[in-house]
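Read through the structure below, which is laid out as structure tokens, and then see the notes.
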There are 2 protein chains.
Amino acid sequence: MNPLDRSKPTTGCPAHDAAPTPAEPAVTSAPRRKRDAAATRSALLAAATLRFAQDGYDHTSVRDIAADVGVNQALVYRYFGSKDALFEEVAAHSAGIASFLSAPLDAVADRMLRHLFQNERRPDGSALLAMLQSASHDETRQRLRELIRQDFTDTFATRLAGPEPELRAELLAAWLIGIGFLRSVVGTPALCSATAEQADRCVRRVTAALLYDHD
Amino acid sequence: MNPLDRSKPTTGCPAHDAAPTPAEPAVTSAPRRKRDAAATRSALLAAATLRFAQDGYDHTSVRDIAADVGVNQALVYRYFGSKDALFEEVAAHSAGIASFLSAPLDAVADRMLRHLFQNERRPDGSALLAMLQSASHDETRQRLRELIRQDFTDTFATRLAGPEPELRAELLAAWLIGIGFLRSVVGTPALCSATAEQADRCVRRVTAALLYDHD
DNA sequence: CGGATAAGTAATCCACCGTTGACTTCATCC
DNA sequence: GGATGAAGTCAACGGTGGATTACTTATCCG
């Protein structure tokens, strides 16, 4: 029906691999999970994080999330109150995305590289993806803006010498987000297949150009 | 009802200014537009471009678009066939986004700067925004991927000397998209208020680091 | 055991939205 | 002026999806 659902993810991007929609068929007989509120709640949270990161807020229904876990959708409302509150909780785990900013300036490039090209499926990375995919929501935009403002514009920029430190900090954030977007959402060929080693030289040079202002 | 509609855009980003939802109240009495299929069609296309760029595909209803123009929603289907086809036509105007790539290498930074910081409200710019905001649709992702692959990975990269030209070309694309995203969608403070002059030095240095490989 | 309580379910409501087809109104031309 | 066809409208259908309520079932503890 909906002409926009993800039916053919066969465009060869290594970043998209998990089965998109079939909602966990639970073969080998579901062992009828024990009743455990805390476990169910965190399972819902994990499923939601994945869905939101993969399909975005709008393309993820509460029924989808509940089906992934194998419970009734009403539980989402029991445990989180609303779809929106659930998303908030997912997004709240995006803290620490820019943890590499706390490294010494000359180590930032290296740490950033590792963040981008190595451990892609960390929960905070998924949270960021979820927010990027859901940026048509005003709340999400606000949250993203605050995240960048705090970590980059307000904090990191103070460590930069030279003119326009805030702008340069945000330009770094832009690069970071652009890379994540192209790698994990759009699935651009070179960025998808690149290794940390291949990108190393380039990333170092660009970050140096941004962080240091020597002529 | 919907907790996600744009109700408080008062977060001070100069890029968001047009009234978001009230759908053109048409004060001073609508002068009952003359019947003109071509004019109505292009008015619908223009309204759709704006809406899609501002709110994304999912948050834009066909009724919204028609209301902006002041006609009945059924006309969208008469002139475009479906909401999806309308979006395709909007997205098709995104060609030429990376037109600055055809400039001589040492002029690329300058042209790019002008594209980013000067004429923001061009139709192709809006088309790109519309696609960024609608990236949770697989078709849109495919289109974005093709756009970047053709203009950056396949064409522009051939003009780059040094190792990993495709990767470097896509890293430039990532930066571009990240900047556009932060400036026009997220509304990050420094990027929003920056002028082309302030960014000039920085953009030149970074593009130089990406495009030339001299040690 | 057996009742109390929390975990989980089923069924439903309601609003929104894409889409359609039948209807009305305006302009043009004989 | 009146027929014709295109431009535009109206009202409805069908589906989806968030949210709610009343119900059922498992688990725990005296």
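Treat the numbers as computed from the prediction; the structure is a model and nothing was measured.
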Could you list, one pair per line, each protein nitrogen or oxygen that sits under 3.5 Å from a nitrogen or oxygen of nucleotides 5-9 of chain C, together with the distance?
unit_1	atom_1	unit_2	atom_2	d
dA7(C)	N3	Arg35(A)	NH1	2.9
dA7(C)	N3	Arg35(A)	NH2	3.4
dG8(C)	OP1	Thr40(A)	OG1	3.0
dG8(C)	OP2	Thr40(A)	OG1	3.4
dG8(C)	OP2	Tyr79(A)	OH	2.8
dG8(C)	N7	Arg78(A)	NH2	2.9
dG8(C)	O6	Arg78(A)	NH2	3.2
dT9(C)	OP2	Asn72(A)	N	2.5

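Remark: Arg149(A) pairs with Glu146(A), Asp154(A) by the salt bridge (charged side-chain N to carboxylate O under 4.0 Å, His left out) rule, at least two apart or across chains. Not counting sequence neighbours, the partners of Asp110(B) by the salt bridge (charged side-chain N to carboxylate O under 4.0 Å, His left out) test are Arg114(B), Arg204(B). Remark: Ser42(B) engages no residue in a side-chain hydrogen bond (donor to acceptor under 3.5 Å, both in side chains) (not counting sequence neighbours). Residues passing the salt bridge (charged side-chain N to carboxylate O under 4.0 Å, His left out) test with Glu164(B): none are found, sequence neighbours excluded.
Each of Arg63(A) and Lys83(B) has a nearest nucleotide on DNA chain C; the 5'-most of these lies closest to Arg63(A).
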Only pairs under 3.5 Å count here: list side-chain donor-acceptor contacts from residues 74-82 of chain B, not counting sequence neighbours, and write none if there are none.
unit_1	atom_1	unit_2	atom_2	d
Ser82(B)	OG	Asp84(B)	N	3.4
Ser82(B)	OG	Ala85(B)	N	3.0

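Straight-line distance from the CZ atom of Phe87(B) to the C1' atom of dG18(C): 16 Å, rounded to whole Å. One interatomic measurement links the two molecules: CZ of Phe80(A) to C1' of dG18(D), which rounds to 16 Å at whole-angstrom precision. For the pair His59(B) NE2 and dG17(D) C1', the computed distance is 14 Å after rounding to whole Å. With rounding to whole Å, Asp84(A) atom CG is found 17 Å from dG17(D) atom P.
In this structure the side chain of Leu172(B) reaches within 4.5 angstrom of the side chain of Met112(B), judged on heavy atoms.
The side chain of Tyr77(B) places an N or O atom within less than 4.0 Å of a non-bridging phosphate oxygen (OP1 or OP2) of dT19(C).
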